[in-house]
S.K.: 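A single structure is presented below for examination.
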2 protein chains.
Amino acid sequence: MKKSDKHQKILNAAIKVFGQKGFFNARISDIAKEADVADGTIYLYFNNKYDILLTLFEEEIGKLITEIRAAISQKSDQREMLYIFALHHLRLVIEKKELAEVLQMELRQSGESIKEYRRTKFADYVNIISEIIRTGQENNIFRRDLKPGIIKRAFFGALDEMSRLWILNPSHKYTVEESAEAISDIFLNGIVAD
Amino acid sequence: MKKSDKHQKILNAAIKVFGQKGFFNARISDIAKEADVADGTIYLYFNNKYDILLTLFEEEIGKLITEIRAAISQKSDQREMLYIFALHHLRLVIEKKELAEVLQMELRQSGESIKEYRRTKFADYVNIISEIIRTGQENNIFRRDLKPGIIKRAFFGALDEMSRLWILNPSHKYTVEESAEAISDIFLNGIVAD
DNA sequence: AGCATAAATGAATAGGTATTCATTTGATAT
DNA sequence: ATATCAAATGAATACCTATTCATTTATGCT
């Protein structure tokens with residue numbers, strides 16, 4: 001971060017404030033104070049309050065995609081890849097708590113513009129899962145009678161719900177590794193006893 | 001519904017308006033218009049805007065729990081119970097679209113009061129799943145090395161994410177039955193090929 | 001140093017909407 | 001019919017906060 005990169009400073013403040021209060025309850029003045037900047041200054045870097053949220057999505061999910069793709073490319077077995085995805089996703093919740101809260105909440109918000117947005121950038125992130133599944137099916141590692149699209153949803157949903165638990169109740173009994181392990185185990189092998 | 005049960009009329013209107021616009025973007029006057037009632041009348045039945053949301057939760061999730069318990073009690077095999085849960089949950093999204101949207105969105109909203117609330121009423125709903133799992137484990141139908149709490153989260157999360165897809169994109173390729181079938185299949189048997 | 005340009009400030013504005021309450025309307029009983 | 005009480009109304013209030021913009025402060029150049 002440069003000597004005084006206001007753009008990033010404001011964005012970091014916004015992550016914190018949106019994460020704590022939610023988009024609608026967050027005041028511009030809260031963000032300004034957190035960023036140690038005047039209210040008006042924010043409008044030199046962003047068009048309006050909503051623009052801060054969109055930019056935040058754009059940039060932070062972008063980083064996330066890059067990171068997770070890099071981690072996955074280290075593995076050759078699609079079963080391991082699923083575990084790695086789970087691990088990274090859950091780590092985010094621990095390491096960037098506020099960002100995770102923002103994504104959790106605002107991803108569900110109503111409003112046409114954000115719905116549209118989800119269809120592009122956020123979808124890219126989740127589609128990493130279906131790519132893994134498809135490749136696994138081609139390699140005969142995964143059952144071919146299940147649609148990758150449904151597995152993708154189910155798997156992401158499982159992780160996301162686990163995140164919600166942690167955000168709500170920060171004292172988690174299980175480690176990130178245990179949880180990632182348990183969830184990928186359930187998906188790979190099922191819960192029925194042999 | 002009685003000749004003029006304003007309480008329920010307002011609640012139904014709120015479900016519709018909150019579902020369409022989200023809690024924060026919904027105006028009291030929108031709800032009033034939808035309920036065919038004066039703005040002030042709403043305050044004879046509810047303390048404030050937020051109270052409408054809470055009441056809505058209380059009453060609608062209550063109904064949901066009753067319904068789903070009744071359906072599950074018809075079955076004796078825990079594997080079938082899981083399928084039935086999935087089926088009912090997904091049906092909700094089709095049959096009561098607006099309510100599903102409200103639950104989806106507002107469940108993730110920030111704010112202490114709603115977080116506290118979730119810990120009680122909403123938890124009861126999700127705990128139906130862990131009850132099924134625990135019983136299944138006692139009957140040696142399900143693996144005993146997996147924690148019911150984690151399975152519960154994963155299963156609910158999977159269903160919830162599927163709901164989100166449908167809410168966002170109402171033209172679903174799969175029927176409710178197919179989807180409930182696919183998701184319970186994944187959880188019961190896993191995705192790894194034999 | 002002196003000038004020009006850019007960046008930052010924060011008090012004032014402007015618009016929105018939850019909530020109130022004086023008044024009207026409707027219902028019930030005598 | 002009229003008095004009494006409850007229910008409903010909706011315009012006015014009161015508050016809140018995103019955004020603007022005239023002014024101030026910092027930066028860089030000769």
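Chain naming here is simple, since letters A, B, ... match the order of the sequence lines and numbering starts at 1 in each.
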S.K.: Heavy atoms under 4.0 Å is the rule here; annotate nucleotides 15-20 of chain C 5' to 3' with B where the base is hit, S where only the sugar-phosphate is, and - elsewhere.
M.R.: --SSBB

S.K.: Is there a side-chain contact between K6(A) and the phosphate of dA7(C), meaning an N or O under 4.0 Å from OP1 or OP2?
M.R.: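 Checking dA7(C) against K6(A), no side-chain N or O comes under 4.0 Å of OP1 or OP2.
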
S.K.: Test of understanding: with side-chain contact (heavy atoms from CB on, under 4.5 Å), list the residues that count as partners of E131(B), not counting sequence neighbours.
M.R.: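 Applying side-chain contact (heavy atoms from CB on, under 4.5 Å) to E131(B) gives R69(B).
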
S.K.: From CG of D5(B) over to P of dA8(D), roughly how many Å is that when rounded to an integer?
M.R.: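 Atom CG in D5(B) sits about 10 Å away from atom P in dA8(D).
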
S.K.: Check salt bridge (charged side-chain N to carboxylate O under 4.0 Å, His left out) between E138(A) and all other residues, then give those that pass, not counting sequence neighbours.
M.R.: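 E138(A) satisfies salt bridge (charged side-chain N to carboxylate O under 4.0 Å, His left out) with no residue once adjacent residues are dropped.
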
S.K.: Which pairs count as ring pair (Phe, Tyr, Trp, His ring centres under 6.0 Å) when at least one residue sits in residues 68-88 of chain B, sequence neighbours excluded?
M.R.: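 Sorted pair list: F85(B)-Y125(B).
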
S.K.: Restricting to side chain to side chain donor-acceptor pair (under 3.5 Å), what partner residues turn up for K147(A), sequence neighbours left out?
M.R.: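 Residues passing side chain to side chain donor-acceptor pair (under 3.5 Å) with K147(A): none at all.
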
S.K.: Round to a whole Å and report the spacing from CG of L44(B) to C1' of dG10(D).
M.R.: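 Result: 12 Å.
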
S.K.: Just how far, in rounded Å, is P of dA7(D) from CD1 of I42(B)?
M.R.: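 So the two atoms are 17 Å apart, to the nearest Å.
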
S.K.: Would you call K63(B) and E59(B) a salt bridge, taking side-chain N to carboxylate O under 4.0 Å as the test?
M.R.: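 Not counted as a salt bridge, because no side-chain N and carboxylate O are separated by less than 4.0 Å.
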
S.K.: F156(B): what forms a ring-ring contact (aromatic ring centres under 6.0 Å, His included) with it, not counting sequence neighbours?
M.R.: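 ring-ring contact (aromatic ring centres under 6.0 Å, His included) list for F156(B), sorted by chain: H89(B), F122(B).
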
S.K.: What is the distance, to the nearest angstrom, from the NE2 atom on H7(A) to the P atom on dA6(C)?
M.R.: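 The answer, rounded to whole Å, is 21 Å.
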
